[in-house]
Structures are given as C-alpha cells and as structure tokens.
Amino acid sequence: MLDINIIREDKDGVIKELSRRGGDFSKDIEKIYFLDKSWRELLKKSDALKAERNSVSTEIGKLKREKKSADEKIAAMQIISEKIKELDAGIREVRTELKSALLLVPNLIEKDTPYENTVLREEGEVKDLGFPAKTHWEIGEDLGILDFEAAVSLSGSRFALLKGLGCNLERGLANFMLDTHTSKHGYTEIMPPILVREDVMVGTGQLPKFRDDMYALDDGSMFLIPTSEVPLCNLVREKITDASELPLKFTALTSCFRRESGSYGRDTKGLIRNHQFNKVELVNIASPEESEEMHEKLLEESEEILKLLGLTYRVLLLGSSDTGFSAAKTYDLEVWMPGEKLWREVSSCSNCLDFQARRMDARTRGKDSSTVYLHTLNSSGLAVGRIFAAVLENYQRADGSVAIPEVLQAYMGDKKEIKKNTR
RNA sequence: GGAGAGGUACCCAAGUGGUUGAAGGGGGCGGUUUGCUAAACCGCUAGCAGGUGUUAAGCCUGGCCCGGGUUCAAAUCCCGGCCUCUCCGCCA
C-alpha cells in the first residue's frame, strides 16, 4: 500500500511513476486523491461536533448528579448526535472506498529501473551436451520417476506425480536448500500453515487484486498460499517488532498453489507451471536502512544454491513493466534448460520496501523511537520442481540416465546416478 | 459438531451507563537510604492511530479484542465477527 501522504503531496508524480508499469493509473489515483480529501473534510466536521458533545455531556452528567434539569442540553445534543451519526456514516463509506481503492494500487518501482528486463550477468556456460538432449518430462517419464498420466487421472492437468527416486530427488533438493540457508546463511526455518486467512493474503498483496489466481476454500474463509512468502512475511503483522530482533531471516519449504488462470496453453508439459509445487522461500524482515543491502545479499544467497548445484544461470533485473505488484525492485534468476533450450525462472528476488508492511501494519522503532514501517524482502531459494527439472536436463547422459550432482548425493543415499528401474 | 466461560495496558486484575481523564497489584525504569547487595520508602510507567498547526508547541478526535447498534453520554447495555479456555462428541 502506498503512503497516502505521497498521493496528497504529489498525485501527478505518483501517476507518472505508476505509468512506468505499463498501465494507466490516473483514474485510480485521482479517485483516491478525491476520496481522501472528502474524508478529511468530513472528519474535521465530525471531530468538532464530537468535541462539543463530549463537553456538554459531562455538563449533563454534572447537572444530573446535582438533581438539576438538563432537558434543554439533552435536546440540543440529540440534534448534534444525529448529525454526527450522519457524518460518521459518510466517513465510513468514504474510508472503506478509499481503503479498497488504495489496496489495488501497485508499488512504485525503484528509480532508474528501465522499462524492459535487463540481463545483468551470466554464470556458467551454455554448453552442448554432445548428444540430442531430452526435456525433463521425457527423461523423467523414461526413468519412471515422473508420471504425468497418473497425476492427470487424480487431479487433471498441471499436476505432477513423482515416483521412486524422483521423490528422493525432490526431498533431497529441498533439504539441501534448507540446510544451506539455515546453516550457511543464518535463516530460521519455519513450517507455517499453508491455509491462511483473507487478511493475511491482503497483507502481502495477493488480495484483493489477484483473487482469480488463488485457491480458496468453498466458503471463502481461507486461501491456499501461492508462496510461503505469505505466511512468513505476515509473521510480523500488526505489531511493533523490536529493532534488536532485526533483521529477521525466515526460510520455509511449503507446497504452493496457483490457479494459473491466465496461462492457458503455456508450459502445459512437465514441472514448470503446475497448480501445486514445492518451493523453498527466503524472507527477510529489515529496517528501512538495511533493506537495500540485504536485497543484494538475498540475491547471493539464492544464487549460492545454483552455484553449488553446478547449474548455468543468468541474473535479470526486472524492468518496470515486469515487476510484480508488491515489489519495488526485483531480480530474477533463470536457469538454462538444455532440453527445452531456454532459460527458466527459478527465483524471483524482491524488495517490497514498506509496501507490504503498510498493508500488514508491521512496524519497528526508528532511532528517535518513533514508529516506522518495516521493509520486507523475499526470494525463492529456490523453486524445487523447476530445479528438479533443471537437474534432469543438465545432468542427463546419452544413455538416458541422470548423474546426481555431488552436493545432492549425501541426500540420496550416496547414489551417483538415477537409472531406469533403480529405487 | 454440541454446551459453557472469557478477551481491560509489559503481566495479573477491579470495574454499579455520567469526577474511569481506567482502581489495585506485579514487573520495569529512576531516586532516597547504603561500604556492596537485599529490604524499605518515594516517584515514573498507554501505547498507538488520525485530524489540524510552517515535518514546532499546542489543540481536537478515536483507542478497554474487532465491527456495528441503543443513548445526551458506553469498558459497562444489545447484535455480529475473530480469538482463547473448559467439558462432551469425533478424529491423524
């Protein structure tokens, strides 16, 4: 949520900044500006009347105690109270409208971000495997560790079913990531609920705007998380976090659920775009002063996993047109897929500044002990299913078997490879 | 799922619709005393949000879980929601 004050002070500037996202927000901002103005006008009137009512009511109390008549004052206050009631009804209405309008406005993009995505650097090399490379779904099905047909029969398209060593690989990857983050990067592991309340989804920005992308319970009371960023960030909601506890670094492995409503026909095969997938997430809760530096560190921490797995990847700075709703600045990590012959996003590393914190009412105390909103950052560390796919495609061999990356071997009973019909 | 009880400040807790502008403890902080510690005594300890001021002082409004309502006036009465606890039932 944007600070209403910057809209009050410079609404045209805000409209201009938001247009960098590639949409026109002028109507929304003008509406917010207008609603805020009328809200303040109504509030001023109501507050003045309440001040009067408060003082006269104490007088009435005094008169009553002295057994004197207060009828005249009571009659006068009846009229004032009626007026207050009307004003307050209007105030509530305007306030509600203002709030819901504000919740639909995305974050401002960091200054100097270009419109289009920029490749910052490439790590590792895109090399030829020396034989016709297969896609991960071909490899996985041939090895008997992926069974999409079975998944379809259970749940329909965009679901995966892992079997045998496939499960071990998925678990191994996740454990390797978690262990690295907890022991090397100082993260606290969390196992959060993956079913959360509406308010929590509003807090991190998934709602109200992206309801169509979320799975909800039948009665609408709860939502399946699309990422554990949701519960992890919301751990600091509605409280003032002591500055001595900062920065907070949380990691979690959870299943994530996405309806993928707008992506018919895209990436219909394999593990890339499924309704349910596993992801190790990294969330940092920082003071405003340290968030920029932490963002760079967070990127490194995510990259570390790719490096240790020996995967070729590149780092993108997302352009203003591609940066997500809540983020001010985002780096993407894309891994090379020799089978698909393209780069696949496996991590998105964002600094949301105080955007989510305002929605969550998550604060800390600044140096002068006044309250300030926290900064929230999140990064995938990493998307397990997509890394599963990347490992298959990058470590495949001409005979159809797949070598197990060295760092994973300890997580897979010291096996060195996945062959057909091995358990 | 059924039946109850309850949500008041950092914690415990009182609270008859109008000096509650929230009692009283505990804890914390400061002080007196003291060689030091303890004890005792004294003092402070509602934070926060919003509006309005020149990002001042000040003033005003709202805050007793949240949201409505009744009333001249609500922590107190009524309705709804959320949460916690107890008992019963069911259950990995």
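As the structure is a computational prediction, the values presented were derived from the model and not from experiment. Only heavy atoms go into these numbers, but all of them, side chains included; no hydrogens, no water, no symmetry mates. Order of the sequence lines fixes the chain letters, A, B, ..., with proteins taken first and strands second; residue numbering starts at 1 for each chain.
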Partner nucleotide of [N] by Watson-Crick or wobble geometry (both distances under 3.5 Å):
{"N": "B/G53", "value": "none"}
{"N": "B/U34", "value": "none"}
{"N": "B/A5", "value": "B/U84"}
{"N": "B/C77", "value": "B/G69"}
{"N": "B/C29", "value": "B/G43"}

Provide the distance between the two [atom1] atoms, one in [N] and one in [M], to the nearest whole Å.
{"N": "B/C64", "M": "B/G17", "atom1": "C1'", "result": "15 Å"}
{"N": "B/A13", "M": "B/G68", "atom1": "C1'", "result": "29 Å"}
{"N": "B/U52", "M": "B/A57", "atom1": "C1'", "result": "13 Å"}
{"N": "B/C79", "M": "B/U70", "atom1": "P", "result": "15 Å"}
{"N": "B/C78", "M": "B/G6", "atom1": "P", "result": "12 Å"}
{"N": "B/U71", "M": "B/G51", "atom1": "C1'", "result": "26 Å"}
{"N": "B/G7", "M": "B/G81", "atom1": "C1'", "result": "14 Å"}
{"N": "B/U33", "M": "B/A39", "atom1": "C1'", "result": "11 Å"}

>> On RNA chain B, compare the nucleotides closest to A/I74 and A/T58; which residue's is nearer the 5' end?
In response: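 Closer to the 5' end of RNA chain B: A/T58.
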
> Pick the nucleotide of RNA chain B nearest each of A/A48 and A/A75; which residue has the one closer to the 5' end?
Replying inline: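 Closest to the 5' end, via its nearest nucleotide, is A/A48.
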
Spacing of [X] atom [atom1] relative to [N] atom [atom2], expressed in whole Å:
{"X": "A/R53", "N": "B/U71", "atom1": "CZ", "atom2": "P", "result": "12 Å"}
{"X": "A/M77", "N": "B/G18", "atom1": "CE", "atom2": "C1'", "result": "15 Å"}
{"X": "A/K62", "N": "B/C72", "atom1": "NZ", "atom2": "C1'", "result": "15 Å"}
{"X": "A/L43", "N": "B/U61", "atom1": "CG", "atom2": "P", "result": "12 Å"}
{"X": "A/W39", "N": "B/A49", "atom1": "CH2", "atom2": "P", "result": "13 Å"}
{"X": "A/D199", "N": "B/G81", "atom1": "CG", "atom2": "C1'", "result": "12 Å"}
{"X": "A/K85", "N": "B/G62", "atom1": "NZ", "atom2": "P", "result": "16 Å"}
{"X": "A/L87", "N": "B/U61", "atom1": "CG", "atom2": "P", "result": "15 Å"}

>> Whether the A/Y373 and A/D3 side chains hold a donor-acceptor pair (N or O, under 3.5 Å, no angle test) is what I'd like checked.
In response: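 No.
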
Base, sugar-phosphate, or nothing for [X], non-hydrogen atoms under 4.0 angstrom?
{"X": "A/R363", "answer": "sugar-phosphate"}
{"X": "A/R8", "answer": "sugar-phosphate"}
{"X": "A/K64", "answer": "base"}

>> Going by the glycosidic torsion and a 90 degree boundary from 0, is the base of B/G63 oriented syn or anti?
In response: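 That one's syn.
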
>> Just confirming the chi classification of B/G28, syn or anti, using 90° around 0 as the syn window.
In response: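 Chi for B/G28 falls in the anti range.
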
In plain terms, say whether [X] and [Y] are close enough for a salt bridge, that is, a side-chain N and a carboxylate O under 4.0 Å apart.
{"X": "A/R121", "Y": "A/E303", "result": "yes"}
{"X": "A/R211", "Y": "A/E198", "result": "yes"}
{"X": "A/R40", "Y": "A/D36", "result": "yes"}

> More than 12 foreign heavy atoms under 6.0 Å from NZ of A/K45: is that the case here?
Replying inline: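 Atom NZ in A/K45 is not crowded, with 12 or fewer foreign heavy atoms closer than 6.0 Å.
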
N/O (side chain, [X]) to phosphate O (OP1/OP2, [N]) under 4.0 Å:
{"X": "A/N54", "N": "B/C60", "value": "no"}
{"X": "A/N5", "N": "B/U55", "value": "no"}
{"X": "A/S81", "N": "B/U71", "value": "no"}
{"X": "A/R40", "N": "B/G50", "value": "no"}

Look at the side chain of [X] and decide which nucleotide, out of [options], has an atom nearest to it.
{"X": "A/R365", "options": "B/G62, B/C48, B/G51", "value": "B/C48"}
{"X": "A/R197", "options": "B/G51, B/C82, B/U61", "value": "B/C82"}
{"X": "A/T371", "options": "B/A49, B/C72, B/G62", "value": "B/A49"}
{"X": "A/I60", "options": "B/G51, B/G18, B/U61", "value": "B/G18"}

>> Tell me which pairs pass salt bridge (Lys or Arg N to Asp or Glu O under 4.0 Å) where either residue lies in residues 183-192 of chain A, with sequence neighbours left out.
In response: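 Qualifying pairs: A/K184-A/E304.
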
> Would you call the rings of A/H185 and A/Y187 parallel, tilted or perpendicular, where under 30° means parallel and over 60° means perpendicular?
Replying inline: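 Rings of A/H185 and A/Y187: perpendicular, as their planes differ by over 60°.
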
> Can you pull the side chain to side chain donor-acceptor pair (under 3.5 Å) pairs that have at least one residue in residues 214-227 of chain A, sequence neighbours excluded?
Replying inline: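 Residue pairs passing side chain to side chain donor-acceptor pair (under 3.5 Å), neighbours aside: A/Y215-A/H275, A/D219-A/S221, A/T227-A/K279.
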
